[in-house]
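Can you read through this structure? Questions will come right after.
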Amino acid sequence: MAEYNSLEKIRLQKLEELRAEGVEPYPTRASRTHTSAQAIVEFEAGEKENKETQVTLAGRLRSMRPKGKLSFAHIEDGAGKIQLFFRVNEVGEARLELFNKMFDLGDFISATGVMMRTKAGEVTLQVHDFSLLAKSVTPLPADKDVTQADGTVVRYATLDDPEIRARQRYADLAVNPEVRETFRKRAKLVKALRAFLDDHDFLEVETPILQPLYGGAAARPFTTHHNELDQDMYLRISFELYLKRLLVGNLERVYEIGRDFRNEGVSFKHNPEFTQLEFYWAYADYLQVMELTEQMVAYAAEQVTGSTKVTFGEHELDFKPPWRRLEMRQGILEASGIDIAEHATAEALFKAIKAKHPNKTPDPQATRGKMIDFLLGEFLEPTLIQPTFLYNYPRDISPLAKSIPGDPLTVERFEGYVAGFELCNAFTELNDPLDQEQRFLEMGRDYANDEEEKHPLDEDYLRAMRYGMPPNGGFGMGVDRLAMMFLNKHSIREVLLFPALRKEE
RNA sequence: GGGCGCGUAGCUCAAUGGUAGAGCAGCGGCCUUUUAAGCCGUUUGUUGAGAGUUCGAGCCUCUCCGCGCUCACCA
């Protein structure tokens, strides 16, 4: 049962009084003829010929300035704000008093009248009639700017508590227009990615979120249970293994944009569920995928921000192709002074790191690939600001990627880095069923004592591959991270409408 | 999970261990072209929860809850 504070009690009282006077505070239907923006455009077009513009508008009351026998107010709708002007001459004394006393900031109302321009020049609706569409019981965390005598503007009561903003996103959206804009742009981003892939003959598909086995990434899954089947199920950690099954089925270019779930830490760049884009492209290799990637991201940047140049914090990022290409071995050598090619075993590599950087050493028990990954994260990653493709990865941390011909320890894999963090990951996909089975078994051995890294062997995936899978290039990208970059947001929570939060109470 | 920090009115924030405050919002007035108007008057609190120290706790201690930053974890 809700408990009401003093402000809410006053509004509930008003609500009852309105009902008593025959005004339904939550009518079933509303009507409007124009949005605020349409009304302004139409009025301005007909203004010179003194053409009368009659409209019905609807929106949320955002400000009220009662002035005795007249009243000004602004409502906000999906297209913006517009001023309403109430006079006793048009609406009568009783209705004006009803408006002034019984209506509150946050109420949804509709108003019918004729467009006009005030003395101050603002295009305004002169109201002839109005009605309540929905009473607001809880006051919005309204903000207010006040200009002081010395000219400085003091902003009072802006909703900026990150917890309330995320938990009560509805209130955040209602009072912070720039937040609405953020999510409009995010929608544009997703639309642009779709349009790009559609234009390149990729087929959008949907694969299971609820899976009997999980795979395609090294991450801990969420586990659930199907009652009727009496079977444990997992929320997917990637789309990879299902999408590649489709290549076996002769679908040559497929993609999916959807939610992945990883039961891991939460941080400014990790949310337990996040939006992933993956595509698989038959007869292509990782170099072709690289080119398509830079084109796709540059296209999306232009669609969302109007340019390939994007400001992200202190950086000006330019997504214009071609992006810098850096071989991983070379990059690590430059950043850390260690040539991984000279240290073929984990032990040797560990010694080399310890000799060079005594204060920055990986877990001595780690595999060679993990140590390389450590070097990458520790020394190289922070230096990769402008969009960069880092390519050629160690085989043992890439169980689904194909080796470079003649170099069995290195795979045809790249990751795209921007502003010091990983944006995407792609490779020439392994399509040899026997090699794939071997890789799965190696993984099982390497991580036999590591419950978190142990992955189930997907026999059905191997069966699919044995039917024959065309050579192909695959790609995965965190859409939320791209949104962060394009929208200059430094926390993933700013680009998620409802980020994961601990339960209240 | 570890470390650091924060939590005070509806909102944004003050308050050397000594009477819990301000602005805005709200409420009551005045006001027929305002610009998130102005003027007069006025209400608002389990200081996140619980325990302890103290003559006395918003402030000190402990436990818990939530959030932020950070480290760890993380293709």
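Order of the sequence lines fixes the chain letters, A, B, ..., with proteins taken first and strands second; residue numbering starts at 1 for each chain.
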**Item:** Side chain of A/Asn89 (C-beta onward), nearest among B/rU35, B/rU32, B/rU33
**Value:** B/rU32

**Request:** Nearest whole angstrom, please: distance from the P of B/rG29 to the CG of A/Asn100.
**Result:** 11 Å

**Asked** Rounded to whole angstrom units, what separation is found between the CZ atom of A/Phe86 and the P atom of B/rU32?
**Response** 17 Å

**Request:** Could you check which of B/rC74, B/rU33, B/rU35 has an atom nearest any side-chain atom of A/His74?
**Result:** B/rU35

**Asked** Nearest nucleotide by nearest heavy atom, which residue falls closer to the 5' end of RNA chain B, A/Glu122 or A/Asp373?
**Response** A/Glu122

**Request:** Look at the side chain of A/Ser6 and decide which nucleotide, out of B/rU44, B/rU70, B/rC74, has an atom nearest to it.
**Result:** B/rU44

**Asked** Is it true that A/Asp77 and A/Arg60 have a side-chain N and a carboxylate O under 4.0 angstrom from each other?
**Response** no

**Message:** Heavy atoms only, 4.0 Å cut-off, all strands: where does A/Pro272 land among base, sugar-phosphate and nothing?
**Reply:** nothing

**Fill in**
Rounded to whole Å, CG of A/Asn263 lies from C1' of B/rC74 at a distance of 12 Å

**Message:** What's the gap between B/rU44 and B/rU8 when it is taken at their C1' atoms, as a whole Å value?
**Reply:** 14 Å

**Request:** Please measure how far the C1' atom in B/rC64 lies from the corresponding atom in B/rC11, and state the result in whole Å.
**Result:** 28 Å

**Prompt:** Should A/Asp104 and A/Lys135 count as an ion pair when the cut-off is N to O under 4.0 Å?
**Reply:** yes

**Prompt:** Should stems be defined as at least three consecutive Watson-Crick or G-U pairs with both distances under 3.5 angstrom, which of them involve RNA chain B?
**Reply:** B:1-7 with B:65-71, B:10-13 with B:21-24, B:26-30 with B:38-42, B:48-52 with B:60-64

**Between C1' of B/rA75 and CZ of A/Arg368, the distance in whole Å** = 17 Å

**Message:** In whole Å, measure the gap between the C1' atoms of B/rA9 and B/rC27 for me.
**Reply:** 15 Å

**Prompt:** What is the distance, rounded to the nearest whole Å, between atom CZ of A/Phe374 and atom C1' of B/rC71?
**Reply:** 13 Å

**Request:** For nucleotides B/rA14 and B/rC59, find the distance between their C1' atoms and express it as a whole number of Å.
**Result:** 13 Å

**Message:** Closest approach to the side chain of A/Glu422, judged atom by atom: which nucleotide of B/rU33, B/rC27, B/rA75 is it?
**Reply:** B/rA75

**Request:** Look at A/Lys14 and B/rC27 and indicate whether a side-chain polar atom (N or O) is within less than 4.0 Å of OP1 or OP2.
**Result:** yes

**Prompt:** On a whole-Å scale, what distance lies between the P atoms belonging to B/rG17 and B/rG26?
**Reply:** 36 Å

**Distance, P atom - from B/rG50 to B/rC65, rounded to whole angstrom** = 15 Å

**Prompt:** Hey, are A/Glu415 and A/Arg413 close enough for a salt bridge, meaning a charged N less than 4.0 Å from a carboxylate O?
**Reply:** yes

**Request:** Rounded to the nearest 0.5 Å, what's the gap from CD1 on A/Ile340 to CD1 on A/Ile332? Could you check?
**Result:** 4.5 Å

**Item:** N-O pairing of A/Lys489 and A/Asp480 below 4.0 Å
**Value:** no

**Prompt:** So, is A/Arg65 close to the B/rA37 phosphate, meaning a side-chain N or O under 4.0 Å from OP1 or OP2?
**Reply:** yes

**Message:** What's the closest nucleotide to the side chain of A/Thr118 if the choices are B/rU32, B/rA75, B/rU35?
**Reply:** B/rU35

**Request:** Decide whether a cation-pi geometry holds between A/Arg325 and A/Phe389; the criteria are a distance under 6.0 Å from NZ or CZ to the six-membered ring centre and an angle within 45° of the ring axis.
**Result:** no

**Asked** From the list B/rA36, B/rC74, B/rU32, which nucleotide is the closest neighbour of the side chain of A/Lys370?
**Response** B/rC74

**Request:** Remember a base hit wins even if backbone is also touched, and classify A/Leu7 as base, sugar-phosphate or nothing at under 4.0 Å, heavy atoms.
**Result:** base

**Message:** Is A/Lys101 close enough to B/rG29 that one of its side-chain N or O atoms is under 4.0 Å from OP1 or OP2 there?
**Reply:** yes

**Prompt:** Which listed nucleotide (B/rU33, B/rG26, B/rA75) is nearest to the side chain of A/Phe427?
**Reply:** B/rA75

**Message:** Is there a side-chain contact between A/Glu429 and A/Pro471 in this structure, where contact means two heavy atoms from C-beta onward sitting under 4.5 Å apart?
**Reply:** no

**Item:** A/Asn431 and A/Lys402 side chains, donor-acceptor separation under 3.5 Å
**Value:** yes

**Asked** What interatomic distance, in whole Å, is found between P of B/rA49 and the corresponding atom of B/rU33?
**Response** 49 Å

**Complete:** Quick note, A/Phe72 side chain, CB onward, closest among B/rC74, B/rA75, B/rU33 is B/rU33

**Message:** Please report the distance, rounded to the nearest Å, between CE in A/Met328 and P in B/rA75.
**Reply:** 13 Å

**Request:** For A/Lys69 and for A/Met64, find the nucleotide of RNA chain B with the closest heavy atom, then tell me which residue's nucleotide is more 5'.
**Result:** A/Lys69

**Request:** Under 4.0 Å between any heavy atoms, over every strand shown, what does A/Gln83 touch: base, sugar-phosphate, or nothing? Just pick one.
**Result:** base

**Message:** Using a distance-only criterion (donor-acceptor N/O pair, under 3.5 Å, no hydrogens), is the base of B/rU44 paired with the side chain of A/Asn5?
**Reply:** no

**Asked** To the side chain of A/Lys67, which of B/rU70, B/rC31, B/rC73 is closest?
**Response** B/rC31

**Request:** May I ask you to say what A/Tyr393 touches in the nucleic acid, namely base, sugar-phosphate or nothing, with a heavy-atom cut-off under 4.0 Å?
**Result:** nothing

**Prompt:** In whole angstroms, how far is the P atom of B/rU33 from the CZ atom of A/Arg87?
**Reply:** 10 Å

**Request:** With P as the reference atom in both, quote the distance from B/rU35 to B/rA25 in angstrom, rounded to an integer.
**Result:** 14 Å

**Under-4.0 Å side-chain N/O to phosphate OP1/OP2 contact, A/Arg62 with B/rA36** = no

**Request:** To the nearest 0.5 angstrom, please state how far the CG atom of A/Leu457 sits from the CZ atom of A/Arg439.
**Result:** 13.5 Å

**Request:** Take the protein atom CG of A/Leu140 and the nucleotide atom P of B/rG26, then report the distance between them rounded to whole Å.
**Result:** 12 Å

**Asked** Can a salt bridge be assigned to the pair A/Glu90 and A/Arg87 using a cut-off of 4.0 Å between side-chain N and carboxylate O?
**Response** yes

